[in-house]
Amino acid sequence: MLSFNQYQHNDITVLSISGNLDSLTVPEIRPEIEKIVATGVLKVALEMSSLEVIDSSGIGAIVSLFKRVRGLGGDVKIVAVRGQPREILRLLGLERAFDIVGTLDEAAARF
Amino acid sequence: MIDVLTRRLEHQTTTPELNAHVISAFNEAFNNIVEHAYRGEPTGVVAIEITLSSTSLAISFIDRGIGFDVDDVEQPDLESLPERGLGLVIIRSVMSRIDYRRKGDRNILSLEKDFVSPLVMGDEGSSDRCGKEEE
């Protein structure tokens, strides 16, 4: 099961993701990602403290958001990722590509 | 079946990292069967056998869909941040061995994980088998 919500933290657009982001649930979050990209925001944070499991489809969705926001001249920070999702990011070498921080305030300081 | 696997691992002395590896590989292998072997099919059967000992875990997936030899799949260039083709990368990076065989009309994908430290087993080892109708 996946749940997500979008909100503003100062000038950062935060997408908070909870539950499982996998091949079954990625289609649910794709429109939200499209909306974020369409608005042209340049500071995006993915808040993942309650994300339990991610698979390759979920990673693909995050990489897609990352590349498109970067393509606009912006950046995506990964906030409070832990457990299995953190391990998958490490295994795929994405800890080097993504800026991973502990809190939204840390993310704000690094844009 | 993933619940059975999770419960089996919870009954042993495992690490969060080991659990993350095994659950990730299981999910990716199962998704590959649904998405590739049974592509376009409304349903399909996957038989799964899990054998856990103190030194290793073996998971076999048996389906009757289109063959999908993992050795024929090229590794994507991770530096280019690919959005697809990461499932096998995950499986290969967390499991000790992967074997694919086509036997008659069946595909048999076997994954094995050797444990760095032997598990303290709740019993002398265990085996589970089930078939799952996937929609």
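Below, chains carry the letters A, B, ... as their sequence lines are ordered, and counting in each starts from 1.
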[X], part contacting chain B, at a heavy-atom distance under 4.5 Å:
X	value
A/R70	neither
A/L94	side chain
A/I88	side chain

Subject >> Worked verdict on B/E49 versus B/S60 for side chain to side chain donor-acceptor pair (under 3.5 Å) >> reply: CA-CA 5 Å; B/E49 189 171 283; B/S60 292; 5.3 Å; no
Test your reading of the model: is there a side-chain donor-acceptor pair from A/K67 to the backbone of B/L81, 3.5 Å cut-off? yes
Exactly one of B/Y100, B/F26, B/Y38 clears ring-ring contact (aromatic ring centres under 6.0 Å, His included) with B/F61, and that residue is B/F26
Ordered numerically, the heavy-atom neighbours of chain A under 4.5 Å found in residues 82-89 of chain B are B/P82, B/E83, B/L86, B/G87, B/V89
Identify whether the distance between the nearest side-chain nitrogen and carboxylate oxygen of B/R101 and B/D99 falls below 4.0 Å.
yes
- Item | Check: B/E28/A/S56 side-chain N/O donor and acceptor closer than 3.5 Å | yes
Highest number of heavy-atom pairs under 4.5 Å with chain B among A/S64, A/G93, A/S23 belongs to A/S64
Aromatic ring pairing A/F66/A/F98, orientation class (parallel under 30°, perpendicular over 60°, tilted between):
perpendicular
Please check if the number of heavy atoms outside A/R96 that lie under 6.0 Å from its CZ is greater than 12. no
Practice prompt. Answer yes or no: are there more than 12 heavy-atom neighbours, outside B/R102 itself, under 6.0 Å from its atom CZ?
Written response: yes
